Amino acid sequence: MSKADAEPLSDFIRDKVAEDVATGKYDGRVVTRFPPEPNGYLHIGHAKAICLDFGIAEETGGVCHLRFDDTNPEKEDVEYVDSIMEDVRWLGFDWGEHLYYASDYFEKMYECAIKLISDGKAYVCELSVDAFKEYRGVPTRPGKLTPGRDRSVEENLDLFGRMRAGEFEDGRYVLRARIDMDSPNLHMRDPALYRIKHAPHHRTGDTWCLYPTYDFAHGLEDSIERVTHSLCTLEFEVHRPLYDWLLEACEVYRPAQTEFARLNLTYTVMSKRKLLELVEGHYVSGWDDPRMPTLCGLRRRGYTADSIRRFCRGVGITKVESLTDISLLEHHIKDELNRTARRVMAVLDPIKLVIENYPEDQVEELEAINNPEDESAGTRAVPFSRELWIERADFREEANRKFHRLTPGREVRLRYAYFVTCTGVVKDDATGEIIEVHCTYDPATRGGDAPDGRRVRGTIHWVCATKGGEADVRLYDRLFSVERPDTVDEGPASATTRDSAGTSGNFKDNLNPDSLTTVRAKVEPAILAMGAGEHCQFERKGYFFSDPKDSREGAPRFNQVVPLRDSWRKRSS
RNA sequence: UGCCCGAUGGUGUAAUGGUAGCACGACAGCCUCUGGAGCUGUUCGUCUAGGUUCGAGUCCUAGUCGGGCAACCA
C-alpha cells in the first residue's frame with residue numbers, strides 16, 4: 001500500500017458509512033459502485049469519484065462494483081468501455097469479479113416497468129417532446145395532467161408491449177411514472193421511464209428498441225446489485241426523491257443515495273461533451289493528448305497514479321462547489337518526481353559555449369549524481385569537451401548583480417564539471433545575433449569544486465557538443481488561458497452568452513494558443529538511452545516523461561510533466 | 001418570482017457547543033554544485049443581522065450571495 005493511503009480519511013460520507021456499519025444497517029455490508037456511462041474517456045474528476053467509491057470499499061472491507069451505465073446506445077461505444085477499465089486499473093483499483101453492465105438488467109427492468117403499470121404507477125404517454133415539456137410546466141408554474149394519464153392498465157400494458165415489439169417509431173410513445181404533475185420538483189412531474197430508440201446497443205445488439213432512462217434504471221441497478229451506498233455528484237440531488245420513490249414503488253431493496261461536489265480545476269474543462277468537442281475538432285491530438293485532463297492524457301503527460309490519488313485525497317469530499325487550483329495537482333507530481341526522478345542534463349534552447357583553453361580534440365568523462373534525493377540511484381559519466389551547449393537564457397551580455405549566470409568577465413560553474421569565466425561572444429556580422437559564447441576554464445576545478453575554496457554564485461547545466469545528441473521535447477502550458485474557460489470573458493470580442501440550457505458560450509475562445517511548443521533539444525547520451533515511459537528531471541528545467549507512444553529506440557521523445565519552480569523568473573518578472 | 005443544496009485565508013479543506021488547525025500558494029530569511037529540493041518564520045479566514053448559551057464557525061430565525069433543477073442525456 002502506498003503512502004498515499006497511509007492515514008485514515010474522514011469526510012461526511014465516510015462518517016455516514018461508518019455509522020451505518022456500526023448500527024448494523026445493511027447488516028454491516030458496504031457495497032459501493034462506480035457507474036460510468038461509456039460515452040467518453042475518464043478524467044481527473046472521475047478519479048475523485050473512483051477514489052471515493054473504491055476507497056471506501058477498501059477501507060471498510062467492502063466491495064466496489066464497476067458498472068457500466070449503458071442505457072443510451074446512441075452515445076455509447078466499446079472503445080469507451082475498454083478505456084474506462086484500463087484507467088480504473090491504472091489508478092490502482094480492482095473490481096475483482098464485480099464487473100457489471102446496466103444492459104444486463106434490461107429484462108429485469110422491463111419486468112419492474114410491467115409491475116409499475118399493473119399497479120397503476122406508470123402509464124404510456126403519447127405526447128410529443130414539445131408537448132411533454134409544455135405539460136410538465138416550469139419550476140415556477142405547476143404542470144398539467146397529461147391526456148394518457150388515466151389510460152387503463154390493460155391498454156397501458158398492451159401499448160408498452162407493442163413498444164417493445166417495435167411497432168412504433170422513435171418518439172411515438174414514452175412510458176412515464178404517475179407521480180405528481182404539481183410537484184415543486186420537476187423530476188417528480190411524471191418523469192419518463194422508457195423511450196423508444198431503434199438503435200443497436202453495443203452489447204445487446206438489436207434485442208431492444210426501447211431503453212430505460214437514467215432515473216428509472218439507476219436505482220434499479222443499485223438495487224439489483226444490493227449496493228448499500230450509492231454515491232454521486234451534486235446535480236443528482238434533485239433526483240433523489242425520484243430514486244427513492246421508484247424503488248419503493250417497485251418494492252425492491254433500497255440503497256441510499258448520497259451526493260458530493262464534483263471536482264473542478266482551473267484552466268481546464270471537465271465535461272465529457274466539451275472534451276469530446278476538443279478531440280473531434282482537433283484542438284488536441286486525441287483523448288490522450290498530454291494537455292487533456294483525462295486520465296489517459298495525464299498518464300501520457302507523465303502523471304503517476306499515486307500522484308493523482310494523493311491529489312484526490314488532498315481535495316477531500318464535501319458538498320461545497322469549488323474550483324481547485326491546478327497547482328495543487330502539480331504539487332503532488334512534483335513532490336513525487338523530486339524523490340524518484342533521475343536527473344539528467346538537456347539544453348532546450350541551445351547556444352554554443354567554446355572553452356578557449358580546453359584541448360581541441362579532448363573528450364573526458366565527468367561523474368554526475370543521478371538523484372541527490374536518493375543516494376541509491378548512483379552516478380553516471382557525462383562526456384565533456386571543448387565545445388558545449390548551454391541555455392541561451394543562461395548568458396547575458398549585460399547583467400545586473402542578481403543575475404548569477406554567465407556574463408562577460410564572470411565565473412560560473414558548469415554543473416559537475418569546471419568553473420569557467422566568460423571572455424566574450426562571437427556575433428553574426430549581418431544580424432548581430434550571438435552565435436557563440438566564449439570562456440576559459442580552470443583545470444583545477446574539475447568536478448566542480450575549487451581547491452582554493454573560492455565560490456561562484458551560479459551553476460549552469462550543459463551538454464557536450466561532440467558526444468551529445470538531440471531529442472524532441474514538448475513543452476506544455478495550460479490548455480486554456482483563463483481560470484474558468486466556461487465563463488465567457490467580458491471582453492467585447494467574445495460577448496457570447498449562456499443559453500438557457502446552461503451550455504456555455506464558446507469556451508473554445510479561451511483556448512491557449514501557446515499550450516504546446518515543440519523544441520529540438522541537445523541532450524546528454526544518457527537521455528538517448530532512455531526507453532519509452534520513463535521519468536526524469538532535466539536539471540534546472542523540469543520533470544519530463546518519455547512519451548509512451550512516440551518514443552523510438554534510441555530516439556525518445558519527451559513530454560514536459562511540470563516545470564521546476566523558477567524563483568529567478570519570478571523575481572525578475 | 002418555485003424547489004433543493006451550499007457559504008471558514010488567494011485556493012482546497014479541518015474543527016461534530018470549548019485555543020479557528022493542515023496542505024498548496026505568496027512573502028522573508030537560512031542553506032545549497034539545480035535560482036530545484038530542504039529548513040525557519042510571516043502574512044491572510046468563520047457572508048450579514050438578530051437570537052439561544054457561561055461559551056457559537058458549529059444550534060435557531062431572517063436576510064445576502066453562490067450553485068443545481070425546466071433532455072424521451074447521464
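In the text below, chain A, chain B and the rest are named by the order of the sequence lines, each starting its count at 1. Remember, it's a predicted structure, so these values are computed and weren't measured experimentally.
- Comparing B:U34, B:A74, B:A37 by their nearest atom to the side chain of A:R565 picks out B:A37.
- To the nearest whole angstrom, the two C1' atoms, one in B:G9 and one in B:G17, are 24 Å apart.
- On a pure distance criterion of 3.5 Å, a polar donor-acceptor pair joins the side chain of A:E373 and the base of B:G36.
- Within the structure, every side-chain polar atom (N or O) of A:R240 is placed at least 4.0 Å from both OP1 and OP2 of B:C5.
- Look at the P atom in both B:C54 and B:G45: the space between them is 30 Å, to the nearest Å.
- As judged by a 4.0 angstrom heavy-atom cut-off over every strand, A:K197 is placed among residues touching the sugar-phosphate backbone only.
- With sequence neighbours excluded, no residue forms a side-chain hydrogen bond (donor to acceptor under 3.5 Å, both in side chains) with A:H187.
- B:C24 and B:G36 have their P atoms separated by 16 Å, given to the nearest Å.
- Look at A:H331 and the base of B:A23; the rings do not stack under the cut-offs of 5.5 Å between centres and 30° between planes.
- Separation of the C1' atoms belonging to B:G51 and B:U42 is 38 Å when rounded to the nearest angstrom.
- B:A28 sits 30 Å from B:A15 when the C1' atoms are compared, rounded to a whole Å.
- With B:U32, B:C69, B:G6 as the candidates, the nucleotide lying closest to the side chain of A:V238 is B:C69.
- Residue A:S567 places at least one side-chain N or O under 4.0 Å from the OP1 or OP2 atom of B:G36.
- As a whole-Å value, the separation of A:E235 CD from B:A71 P is 15 Å.
- Electrostatic pairing of A:D170 and A:R195 does not count as a salt bridge here, judged by no charged N lying under 4.0 Å from a carboxylate O.
- Rounded to a whole Å, the OH atom of A:Y211 is 12 Å from the P atom of B:A74.
- Comparing B:G35, B:A71, B:G36 against the side chain of A:K133 picks out B:A71 as the nearest.
- In this structure, A:T266 reaches neither bases nor backbone, as no heavy-atom distance under 4.0 Å exists between it and the strands shown.
- When heavy atoms are screened at a 4.0 angstrom cut-off, A:F236 is found touching base atoms of the nucleic acid.
- Using a cut-off of 4.0 Å between Lys/Arg side-chain N and Asp/Glu carboxylate O, A:R540 and A:E391 are scored as not salt-bridged.
- Remark: the separation of the C1' atoms in B:U48 and B:U40 is 39 Å, to the nearest Å.
- B:A20 sits 8 Å from B:U46 when the C1' atoms are compared, rounded to a whole Å.
- When distances are taken from the side chain of A:F132 to each of B:C24, B:C72, B:U34, the shortest belongs to B:C72.
- Residue A:P142 is classed as having no contact, given no heavy-atom separation below 4.0 Å to the nucleic acid.
- Residue contacts for A:R176: at a heavy-atom cut-off of 4.0 Å it reaches no nucleic acid atom on any strand shown.
- At a threshold of 4.0 angstrom between heavy atoms, the contacts of A:G316 with the nucleic acid are absent.
- Taking the charged nitrogens against the carboxylate oxygens, A:E76 and A:R203 have no contact shorter than 4.0 Å, which rules out a salt bridge.
- The nucleotide whose nearest atom lies closest to any side-chain atom of A:H239 is, among B:A37, B:A74, B:G67, B:A74.
- Considering only the side chain of A:P184, B:C3 comes nearest among B:G6, B:C3, B:U11.
- Residue contacts shown for A:L564 include a base, since a base heavy atom lies under 4.0 Å away.
- For A:C125, the side-chain contact (heavy atoms from CB on, under 4.5 Å) partners are A:Y123, A:L127, A:V174, A:R176, not counting sequence neighbours.
- Counting distance only, with no hydrogens placed and no angle test, the side-chain atoms of A:R141 and the base atoms of B:G2 include no donor-acceptor pair under 3.5 Å.
- OP1 and OP2 of B:G68 both lie 4.0 Å or more from every side-chain N or O belonging to A:R262.
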Protein and nucleotides 15-21 of chain B: nitrogen or oxygen contacts under 3.5 angstrom:
from, atom 1, to, atom 2, distance (Å)
B:U16, O4, A:D15, OD2, 2.5

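- Classification of A:E237 and A:K319 as a salt-bridged pair holds, one side-chain N sitting under 4.0 Å from a carboxylate O.
- Nearest to the side chain of A:T318, among B:G12, B:A14, B:G36, sits B:A14.
- Of the candidates B:C69, B:G6, B:G67, B:C69 carries the atom nearest the A:L186 side chain, counting heavy atoms from C-beta on.
- The separation of B:G63 from B:U11, taken at their P atoms, amounts to 27 Å, rounded to a whole angstrom.
- Between A:D222 and A:R33, at least one side-chain N (NZ, or NE/NH1/NH2) sits under 4.0 Å from a carboxylate O, which counts as a salt bridge.
- In summary, the aromatic rings of A:Y211 and A:F106 are positioned with their centroids under 6.0 Å apart.
- Note on A:I460: nothing from the nucleic acid sits closer than 4.0 angstrom, heavy atoms only.
- With B:A74, B:G2, B:C72 as the candidates, the nucleotide lying closest to the side chain of A:N72 is B:A74.
- A:R455 comes within 4.0 angstrom of sugar-phosphate atoms only, judged by non-hydrogen atoms across all strands, and of no base.
- Using a 4.0 Å cut-off, some side-chain N or O of A:S322 falls inside it from OP1 or OP2 of B:U13.
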